[in-house]
Amino acid sequence: AKRLLALVEQAAEAGAHVAVSTELGITGYPPRDLLMSPEFVQAAFAKAQACRPAIPTLIGTPVPGTDREVAPANGVLAVGEGLRGKVVAHKQLLPTYDVFDEARYFRPGSRPGLVRGAGGLDLGITVCEDAWQAAGLTPVDYGVDPVAQLAALVREGATLSATVNLSASPFHQSKVVDRVTVARTAASRLGMPFLLANQVGGNDDLVFDGSSVAAWPDGTVVLAPAWSEGVLTVDLEDPASSTWTPSGANDALSIGSDE
């Protein structure tokens, strides 16, 4: 939590109005069988609730079930000024193939998330796989498309500044290209900027390259550096004014830099 809050502080100093963590940012992804422990899930959720960020922040966290027999959700908590520490999204699409086994641990959500008044912005919310169905890049058909659900809300009159995606997308050779396709597809279908915040670093046998991305309906893309921990500050009105700020932590991951 301290590391996350330090990055939020950097985002605030860079002029951001709202911050977005990665998927399960409070624990790191994937926690695997730790999620079978209700005590672990409750402790992680309580840590997210206790965060007092410099600006309104969306934090990826496991969300406890209603009792010990109910699986947790892979969720998003809205904390900070103007927000009330409410859960604003549950991940809908739970990948259970290749390196993923999320149906083992989580209960799915039934609709995409929305948050009102986060730093003066109204945002749609998706979590990682939720955005991939629209781009046709999932190996299975889930039978539901969260991006299409959000697009329907927009057609019905919902006014959103952007949609965000809290992501923990492991690296492979073509993954950056795939993420750009996902972001561009969602931005085009929603008619608004789409921002994907991706995890960076290693977790057991998985590596995460970062490469967070923002896309606009006209196809414009802003891409964060790979293999570097930091903050991508996105200007929704002027993509060219978006900036990258490396993490100020002494042990921050930065591979391939000039330092």
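Note that these values count all heavy atoms, side chains included, but never hydrogens, waters or copies made by symmetry. Numbers here are sequence positions counted from 1.
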- Note on the structure: Nearest heavy-atom contact between V41 and P72 is CG1-CB, 3.9 Å
- Query: Between T163 and L195, does a side-chain contact (heavy atoms from CB on, under 4.5 Å) hold up when you go through it step by step?
  - Reply: CA-CA 6 Å; T163 291; L195 286 61; over 6 Å; no
- Query: Do the charged groups of R3 and D251 touch, with an N to O distance under 4.0 Å?
  - Reply: yes
- Query: Are R32 and D101 within salt-bridge range, i.e. N to O under 4.0 Å?
  - Reply: no
- Message: Quick check for you: to the nearest 0.5 Å, what is the distance between L206 atom CG and H172 atom NE2?
- Response: 12.0 Å
In the structure I gave you, are the side-chain heavy atoms of [X] and [Y] within less than 4.5 Å of one another anywhere?
X	Y	value
C51	T57	no
K86	V115	no
I125	L166	yes
Q92	Q149	yes
N198	D209	yes
L223	V176	yes
N74	L24	yes
L58	S21	no

- Message: For the residue pair Y97 / E102, report whether a side-chain donor-acceptor contact shorter than 3.5 Å exists.
- Response: no
- Distance-only polar pair, side chains of N165 and E23, donor-acceptor under 3.5 Å: no
Mark yes or no for whether [X], through its side chain, and [Y], through its backbone, hold a donor-acceptor pair below 3.5 Å.
X	Y	answer
Q199	G210	no
T27	A44	no
T220	W216	no
R179	V213	no
S228	P225	no
R116	D122	no
K91	A73	no
D130	V127	yes
S247	A252	no
S37	F40	yes

With hydrophobic residues grouped by side-chain heavy-atom distances under 4.5 Å, do [X] and [Y] end up in a single group?
X	Y	result
W244	V20	yes
V144	L150	no
V200	V180	no

- Using side-chain hydrogen bond (donor to acceptor under 3.5 Å, both in side chains) as the criterion, point out the one residue from D145, T185, T138 that pairs with Q133. T138
- When the aromatic ring centroids of W227 and F171 are compared, is their separation below 6.0 Å? yes
- Task: Dump the intermediate steps for side-chain contact (heavy atoms from CB on, under 4.5 Å) on V79 and Q49, then the final yes or no.
- Result: CA-CA 7 Å; V79 296; Q49 288 180 308; 5.8 Å; no
- Would you call the rings of F100 and Y29 parallel, tilted or perpendicular, where under 30° means parallel and over 60° means perpendicular? tilted
